[in-house]
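Values reported hereafter were calculated over all heavy atoms of this structure, with side chains retained and with hydrogens, waters and symmetry mates removed. Chain letters run A, B, ... following the sequence lines, proteins first and then strands; every chain starts at 1.
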2 protein chains.
Amino acid sequence: MSSALEPVDKAIARELNADGRCSFTDLAARVGLSVSAVHQRVRRLEERGLIKGYTARLDGDQIGLPLTALISLTPTDPAAPDDYPQRLEHIREIEACYSVAGDESYVLLVRVTSPRALEELLRQIREVANVSTRTTVVLSTPFEGRPAPI
Amino acid sequence: MSSALEPVDKAIARELNADGRCSFTDLAARVGLSVSAVHQRVRRLEERGLIKGYTARLDGDQIGLPLTALISLTPTDPAAPDDYPQRLEHIREIEACYSVAGDESYVLLVRVTSPRALEELLRQIREVANVSTRTTVVLSTPFEGRPAPI
DNA sequence: TATGAAATACGTTGTGC
DNA sequence: GCACAACGTATTTCATA
């Protein structure tokens, strides 16, 4: 197994998760280490893949993607090889893809410009992955992307 | 309605969404504007709420939250006032809360340490929000948090 | 809104512990 | 693995167009 996560690294991860643009100077102060030590540790966390990247959280409505949906996938041909994520990866409207336990095989989180765009996206997903879909439209998002409980 | 999104602001949002720690200097070069102009625009996008914040994307396994689940909520008492998000907000294991169209009222995305923690979380959600739950366990995450198609 | 310049703060690397 | 110091670069503000 991978080596245990030290409290300092945990604190660094927590702080950067809550504020991804936090300066190394601030970060150092918050975790009680020198700037260069923090710098070194952040680099290692990035290399390890514990920190997978940094992103600005955007408002869907304001960037022209006001329609969010959850799409559950069921293979049409149960004997087909399970390469669905690969087949779907190039579709940029798909923000996330989860392999799930339950009646269906995958759940996708998608963002589109309009109901028409959703219709077209569903057609594309069914075609490219050979699946049937069940779509749950998101009416509103009380909250999203909250900091992890670490 | 809010004023239309200019191409430059769109580009800024796209770049920061893809790389949240990108420097203003780089950003300026990428969108073809001076550093101070970009600085000004980023501030405005933050104030407008188009940029809601910045975050480091973390690996659930490595931070000790290896179990992800989607939880659908159905109110036990259909006559009760709909203040579910408020009731659930304090539970930090809940990363996102979507109000959805369909058989159920809400879908939650949660991350926990173990099956036992999930069991306890479900108990807590049912108690605090007076709902019944349907849980879909995530087996693996082929991809997540990809950049928005803008 | 944009730019360019000036002052301050920060990132980054090397050295020694 | 950490701290300190030194250098170059980035951020931030302001004056000006």
Verdict with reasoning, B:Val100 to A:Val137, per side-chain contact (heavy atoms from CB on, under 4.5 Å): CA-CA 6 Å; B:Val100 298; A:Val137 171; over 6 Å; no
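Side-chain contact between A:Leu108 and A:Leu73 is present, with heavy atoms from C-beta onward closer than 4.5 Å. No side-chain heavy atom of B:Leu70 sits less than 4.5 Å from a side-chain heavy atom of B:Thr135.
Within residues 15-45 of chain A, the residues that have a heavy atom under 4.0 Å from DNA chain C are, in order of number, A:Ser23, A:Phe24, A:Thr25, A:Val35, A:Ser36, A:His39, A:Arg43.
Around atom CD of B:Glu119, no more than 12 heavy atoms belonging to other residues, nucleotides or ligands sit under 6.0 Å away.
Residue B:Ala11 comes nearest to B:Val31 through the heavy atom pair CB-CG1, 3.9 Å, listed as atom of the first residue, atom of the second, then distance.
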